[in-house]
Amino acid sequence: METVDTIKLLIIHDSLNETERFTSLLRNAGKAIRPQHVRTEAEFINALQKDELDMILAQCESEGVSPDVVMSHIKQINKDIPVLLLQENVESQDIVEGLRLGAKDVISEDEDFLLLLVVDRELDNLVNRRARLIAEKHLKETEKRCELLLDSSMDAIAYIHDGMHIHANPTYVERFGYESADEISCRSIIDLIAEQDLDAFKKVLREHTESTDFSSVDFTFQAVQADGSTFAAHMTLSPAEYEGEPCTQVLIKRDQGASEAIRQAIETISNQDLMTGLANRPHFNEKVTQAVELAENKGTRSAIIYITIDNVNTIRSDNSMAAADVVLGDIAMLLRRESDASHTLARFAEDVFTMLIPEDTPKTAFEYANKLADLIEHNISEVDEQTIQATCSIGIAMINKKSENGELAIAKALDAANTARQMPSREGCVFLFEEEVDAAEKKKEDMAMKLELALKSGQFKLLFQPIISLRGSGNEYYEVLLRMVDENSNEISPAEFLGHAEKLQVTNKLDRWVILNSVKALAEHLTEDNNTHIIINLSTASLQDGSLVPWVRNVIHTTGIAPNLIIFQINEADAGNYLNDAKTLSKALTDINCQCVISRFGCSAKPFNLLKHLNVKYVKIDGSYTLDIQNENKSPDALIDLIKELHNEEKQTIIPCVENANILSILWQAGAHYIQGHYLQAPSSQMDYDFTSDE
């Protein structure tokens, strides 16, 4: 199921301290939020009109904006925004009054645990409502396509209700010898059945109508044409729906002597996706069910690879429906080339491809999925003399003796794909589903052991991702990224091991390893012709480590690097939670001529308050702003306003997560200074980006 990746939260409250408390509460519960704080009705109206909000927390006793005003404005703009009212002391009558106004709940301000549960519930409900609207839209589009296919079908198809025709396609009308559909409309189907078959037909129709198993029924009979002549026919009755009403579909087959080749051709077509020629969803589901049965009975194993094309909506909105179809068609051909006869390759949904690979292992499936991801993201489609690239997220789920059923196996692959899509900075787009809780716990223990071993033996490596100037700066910038390396030389992303590092309280050791080795790498890289800067991330532990700056000074002195070439990056949330430590650290670093940057900026209620306390030259805006524009087709206004306000504060802005060229014009016009993302270059083991190509 789709999730709300970054919650756009509006908090209406008279107290900034309480607003910050709610923000910290939600963040500590593991939620990625982008909060705004308003006190007045004018501020509320501006936020409501400017931003796409996911939720509102509103103080009942607010002096600036009362609950009835909140609900009135939301109803006026007809937006689906769940509102939770906060009150000091809540009685049952307060809840009744809040629900009557249209709020989703009324919660006591000191009931933190209850608030978290209600937020989870309402976000789930919001996701379901949004998914339902999308599904209803797709259903309407599908119904239109089905109606066109029905009218052009060579099969005679009609729909009946209570035995009366309510719709018939041209083939059906022609087959029974009528001039137009109007002649057969509202005519009883009994009129088309020869007298000798009437009793048998009435029985079959009655049993089919009363049946609750939704199965099809076949009936062979003599059909009566408009002129009274007859012909042998075969009828299939199936439950259906027409214009929202339940009915029965009638399929007439005149020639029962069709060859086996024709039958197989029809079966093949029924199992295919019309646009790509790949297998369709029902056929894939059937193959997965068979794989689960084989795994249970014979101990075989297989892998489901679930490939979602993330930016189809962006391609469609920026170009056209036809452009999106071309890109999907190109990807389908690419996947067909990379699969073999043993694979089942399907177009599972509009922007989803799936593969079932027999006799596979998690390792080989993961390697194969990474290969597919690389091919897809480097594939270039040409439409109307324009080049278009797709981005993807891939989930993998294994089928073995413990798999319960095919539907659950596919759901696991979908969950894994969603996890891949949420990986930070799109540093990886393939994720293998962890089959069971016990296995997951064992994996955590294994990872903790691997981390301890890596710390002892130095099994880490550095990657460098370029940060490109949009304003013609002659400086070169790289962000330093850490990877752990396992015994098979496979890279392990920080998302997998940093949590264990925090529990073991060794993140400060990791930070120092990164600082020492990245400074050494910079010293080897520097020549007379370049002016390369490196940006190094600091953890919460280093933020609180008073001995860090003296140690950094010694490292710089030993290597002979100019201190201004080293920039330290502090997360906005960490800086807000440990403001005094962040203030002390930023001052100490600037005192030795190093520089500082705040990352993930714009995710606190009052982010600009930090700038009053921290001595920073650069600000990196949170990646959710750019991903919203590129993947969700959201308005860029919030990002543009944030950039302009930062420029008013005389800060250099860095925009991460740039995944396609379409956003570049927006960032250029907004005046952004630097950009970073996979569109420019993925993290590399070398500082080898050609900055001169962008000048």
Side-chain angles (χ1 to χ4, degrees), residues 451-467 475-485 494 497-498 501-502 504-571 574-575 578 580-599 614-618 620 652 654 676 683-689:
L451 178 60
E452 291 183 353
L453 178 63
L455 285 167
K456 293 177 181 178
S457 57
Q459 290 177 219
F460 295 97
K461 66 182 293 187
L462 297 178
L463 299 179
F464 304 91
Q465 186 170 36
I467 297 174
N475 295 335
E476 300 179 1
Y477 293 85
Y478 289 94
E479 180 173 355
V480 182
L481 302 169
L482 177 66
R483 296 291 183 270
M484 192 168 83
V485 182
F497 67 80
L498 276 186
E502 290 174 358
L504 294 172
Q505 298 181 343
V506 294
T507 51
N508 58 336
K509 291 183 180 179
L510 289 178
D511 286 354
R512 293 198 180 199
W513 188 94
V514 172
I515 294 169
L516 179 60
N517 287 276
S518 56
V519 170
K520 287 181 179 178
L522 178 61
E524 294 176 2
H525 171 76
L526 286 175
T527 68
E528 295 180 358
D529 299 326
N530 57 28
N531 189 17
T532 304
H533 299 65
I534 54 173
I535 299 177
I536 303 172
N537 291 279
L538 294 179
S539 65
T540 305
S542 292
L543 198 64
Q544 301 172 282
D545 185 357
S547 65
L548 177 67
V549 175
W551 180 84
V552 168
R553 185 193 299 113
N554 289 334
V555 170
I556 293 173
H557 178 73
T558 301
T559 56
I561 295 293
N564 67 306
L565 300 181
I566 304 172
I567 305 170
F568 290 95
Q569 186 163 267
I570 305 169
N571 185 294
D574 290 341
Y578 303 95
N580 288 332
D581 292 321
K583 183 176 180 179
T584 300
L585 178 65
S586 66
K587 183 179 184 305
L589 287 171
T590 52
D591 285 345
I592 63 171
N593 293 323
C594 290
Q595 302 178 69
C596 293
V597 55
I598 298 178
S599 66
L614 303 183
N615 189 2
V616 297
K617 178 179 179 181
Y618 305 92
K620 181 188 286 187
Q652 300 276 309
I654 303 172
Q676 176 185 8
S684 170
S685 58
Q686 301 295 325
M687 288 183 272
D688 55 4
Y689 184 81

For Q686, side chain to side chain contact (heavy atoms under 4.5 Å, CB included) partners two or more places apart
S684, D688
What do the steps show when you test L516 against W551 for side chain to side chain contact (heavy atoms under 4.5 Å, CB included), and what is the final call?
CA-CA 10 Å; L516 179 60; W551 180 84; 4.1 Å; yes
What's the shortest heavy-atom distance between I654 and V597, and which atoms?
CD1-CG2, 4.3 Å
With sequence neighbours left out, write down each residue that passes side chain to side chain donor-acceptor pair (under 3.5 Å) with D545, or none if nothing qualifies.
R512, S547
Counting C-beta onward and ignoring hydrogens, is there a side-chain heavy-atom pair between L462 and S685 closer than 4.5 Å?
no
In the structure I gave you, are the side-chain heavy atoms of I592 and P563 within less than 4.5 Å of one another anywhere?
no
Which value, rounded to the nearest 0.5 Å, describes the distance between S586 atom OG and D581 atom CG?
11.0 Å
Not counting sequence neighbours, list each pair that qualifies as a side chain to side chain donor-acceptor pair (under 3.5 Å) and has a residue in residues 553-568.
none
Can you list the residues that meet the side chain to side chain donor-acceptor pair (under 3.5 Å) rule with N615, with sequence neighbours excluded?
T590
Using 0.5 Å steps for rounding, measure from the OG1 atom of T532 to the CG atom of L526.
5.5 Å
Contacts satisfying salt bridge (charged side-chain N to carboxylate O under 4.0 Å, His left out) that involve residues 555-564 (not counting sequence neighbours) are none
With a 4.5 Å heavy-atom cut-off, do L585 and L538 have their side chains touching?
yes
So which atom in Q465 and which in P683 form the shortest heavy-atom distance, rounded to 0.1 Å?
NE2-CD, 3.9 Å
Is the shortest side-chain heavy-atom distance between I570 and Y578 below 4.5 Å?
no
Sequence neighbours excluded - salt bridge (charged side-chain N to carboxylate O under 4.0 Å, His left out) pairs with any residue from residues 554-568:
none
Nearest 0.5 Å, what's the CZ-CD1 distance between F568 and I534?
7.5 Å
Calculate, to the nearest 0.5 Å, the distance between atoms CD1 and CD1 belonging to I566 and I556 respectively.
4.0 Å
I567 vs Y477 side-chain heavy atoms within contact, under 4.5 Å
yes
Just to verify, what does K461 make a salt bridge (charged side-chain N to carboxylate O under 4.0 Å, His left out) with, not counting sequence neighbours?
E491
Residues which pass side chain to side chain contact (heavy atoms under 4.5 Å, CB included) with K583, listed by chain and number, not counting sequence neighbours
H613, L614
Taken to the nearest 0.5 Å, the spacing of H533 NE2 from I467 CD1 works out to 11.5 Å
As an exercise, state the distance from CG of N508 to CD1 of I515, rounded to the nearest 0.5 Å.
10.0 Å
For residues V480 and F464, determine if any side-chain heavy atom of one lies less than 4.5 Å from a side-chain heavy atom of the other.
yes
Report yes or no: does D511 contribute a side-chain atom to a donor-acceptor pair with the main-chain N or O of S539 at less than 3.5 Å?
yes
Side chain of Y689, backbone of E476: donor and acceptor closer than 3.5 Å?
no
D574: partners by side chain to side chain contact (heavy atoms under 4.5 Å, CB included), with sequence neighbours left out
T540, L543, N571
How would you list, by chain and number, every residue that makes a side chain to side chain donor-acceptor pair (under 3.5 Å) with N537, sequence neighbours excluded?
E479, Q569
Residues passing the side chain to side chain donor-acceptor pair (under 3.5 Å) test with K587, sequence neighbours excluded, are D591
Smallest heavy-atom separation, S518 atom then I536 atom, equals OG-CD1, 3.3 Å
So, using side chain to side chain contact (heavy atoms under 4.5 Å, CB included) as the criterion, who are the partners of K617 when residues are at least two apart?
Q595, Q652
So do F460 and N517 actually touch side chain to side chain, heavy atoms under 4.5 Å?
no
